[in-house]
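A note on names: the letters A, B, ... follow the listed sequences, proteins ahead of strands, and every chain is numbered from 1.
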Amino acid sequence: MAVPYVLADAAVVAKRNIIKIKRVPDLLVFTTLSPIMFVLLFSYVFGGAIDQEGGGQAYREFLIAGIFAQTVIFGATVTGAALAEDLKKGILDRFRSLPMAPSAVLTGRTFSDVVNNVIVLIVMGVTGLVVGWRIRSSFWEALAGFGLLLVFAYAISWIMAWIGMLVPSPEVVNNASFIVIFPLTFVANTFVPLDTLPAPLQTFAEWNPVSAVTQAARELFGNIPPGTPAPTAWPLLHPEVYTLIWSALFLVVFVPLANAQYRVSTSR
Amino acid sequence: MEQAIEARGLIKRYKGVTALDGVDLTVPSGTVLGLLGPNGAGKTTIVRVLSTLLRPDGGSARVTGVDVLARPAEVRRRIGLSGQYAAVDEYLSGYENLEMIGRLYHLGKRRSRARARELLASFRLEDAADRPAKTYSGGMRRRLDLAGALVADPPVIFLDEPTTGLDPRGRTEMWDVIQTLVAGGTTLLLTTQYLEEADVLADEIVVIDHGRIIAQGTADQLKRQVGGERLELTVADVALLAHVAEALTPLGVGHPTVDDGRRSFVMPVSGGPEVLSEALRRLDERQVRLEDVGLRRPTLDDVFLALTGKTAEQDGTPDAQGGA
């Protein structure tokens, strides 16, 4: 199958998924309301407690990149749950009986989740601006920050695609991904500075790619307060590179795995 | 005549359960084959193998001369599939569903759109075209699903139980649609649990049970084998059944079935109303009191009874895992 067909077919499948965001109330809430909620909750509930003299302003600025990272990673779990759902219904049989590129089903799904995450980032960004977050770098740097978040989430969505093909129901995907993703996004610099963590967790957090993507976004948005000591761990000294290495690794491993599992799970 | 579908010795096993046990099929171009059998007989498995969704453990198959196992992508260009679960996306509108399928058949944007509108019109879904399929009735969903199979105008169509779960009106509507389709020269392989449906729609019927073909022929041939209509009656008192059997057996064209529990007597007959009135006359002579009496067409149960000595229900095993 020619490459242009793979992309064209994936675009058709992605369009289908995007139409669904509008029509399925759960997805719409997940996409638009929960990001607003996250920003507000974290900013005001934690913000006051952690950074009392600044009225929470400095912490809010620190926090936003972390919330962005966590939310786009959770956004990637939509991939798994949606695929598991499709698998349960007959629609994948229909796709498989068509002369489309077989890999377009998963590729289209991951494409539409990028679109979903773009919407999520816009909603969160605007909410962030309202609560006092500011981009203190250049336009291009900020754009690179958002880009990096999207690339990392895209790579995660292929892990989720594999899980979605592996497990029997969408609910299991959600449970399975929570067990992995919650610790990953919390044992990191997303919500607290790393030096507040106990030593073993601190080492884990330093090498946790979620920390790197958060650190990278924070730097690119210009949200590292002046006077903050430079990180010592290699991943956090080179957060962009480290993020891209992990993203590439995830893609190299999970794109073939997910597609192989797709063939196995659909041809029963 | 050119063969649109040819299958030889198809075998499929699921964890020790044999879903297909050496199935041979031949469907000449432009004809309709009805695959008749109870749940779990292997009908869906055959459709899934022929439509490239499932690799068999043994055997070979060709669709319009193209090898299903060696060149599945080629086969997919030439077939349309409509399954029993109505594989439409319920959040997309009817139009969006069909347009998407057209794009995935690589018809291009313009042709996909035009074809979607055309099919919606001919399937009487125009008014609902822009509503999510979620809001459709069961019959409308089935029609949309069938329309999906026709988007690329493929020469061979597979319909897996197109009317299961539909009410009688929905079923008749679906039959009309299918008959129009067949009149256009499309080759059709249709699975069904209803003898009447196979009778109305199919040129040739293959009866399948436990993954094996147990009978095959035209509807007429099969009915001759099964024996015309059924005279069915219920008596007020079990003791009378013996009288009934003695009086009526000579009128039948096959062995009667007597059920003491239901106080019923069922016998294949041919000759219609005359047989019925003769039967009533004889019972009247013997003063047998009836609760119910009637003539009916043979059902799948009768076919199974005639072919295997068991009813389809007794005989039907639950669906093998992953569909059968």
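- Residue contact with chain B, scored on non-hydrogen atoms closer than 4.5 Å, involves the side chain of A/K15 exclusively.
- Residues of residues 92-99 of chain B lying under 4.5 angstrom from chain A, judged on non-hydrogen atoms, are B/L92, B/S93, B/E96, B/E99 by number.
- Looking at B/A152, there are no atoms closer than 4.5 Å to chain A (heavy atoms on both sides), in backbone or side chain.
- Using a 30° and 60° split on the angle between ring planes, A/F186 and A/F182 fall in the parallel class, below 30°.
- When side chains are defined from C-beta on, A/L257 counts as touching A/V253, because their heavy atoms get closer than 4.5 Å.
- The part of B/E90 that comes within reach of chain A is its side chain, from C-beta onward, which places non-hydrogen atoms under 4.5 angstrom from that chain.
- Interface summary for chain A: among B/G148, B/G80, B/P72, the most heavy-atom pairs under 4.5 angstrom belong to B/G148.
- Atoms CD1 and CZ, on A/I73 and A/F68 in that order, are 13.5 Å from each other to the nearest 0.5 Å.
- B/E197 and B/T163 form a side-chain donor-acceptor contact under 3.5 Å, judged by distance and modelled atom types alone.
- Between the side chains of A/S247 and A/Y154, no donor N or O sits under 3.5 Å from an acceptor N or O.
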Using residues 94-103 of chain A as the side-chain source, report each donor-acceptor pair under 3.5 Å to any protein atom, sequence neighbours left out, with the distance given to one decimal.
from, atom 1, to, atom 2, distance (Å)
A/R94, NH1, B/D145, OD1, 3.2
A/R94, NH2, B/L81, O, 2.4
A/R94, NH2, B/D145, O, 3.3
A/R96, NE, A/T266, OG1, 3.2
A/R96, NH1, A/T266, O, 2.8
A/R96, NH1, B/L53, O, 3.4
A/R96, NH2, B/L53, O, 2.9
A/S97, OG, A/R94, O, 2.9

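- In plain terms, the two heavy atoms of B/L33 and B/L25 that are nearest each other are CD2-CD2, 3.8 Å.
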Discussion item. Checking B/K43 against B/D160 for the salt bridge (Lys or Arg N to Asp or Glu O under 4.0 Å) test, could you report, in this order, the C-alpha distance in whole Å, the side-chain angles of both residues, the deciding distance, and whether it holds?
Written reply: CA-CA 8 Å; B/K43 304 187 299 289; B/D160 193 12; over 6 Å; no
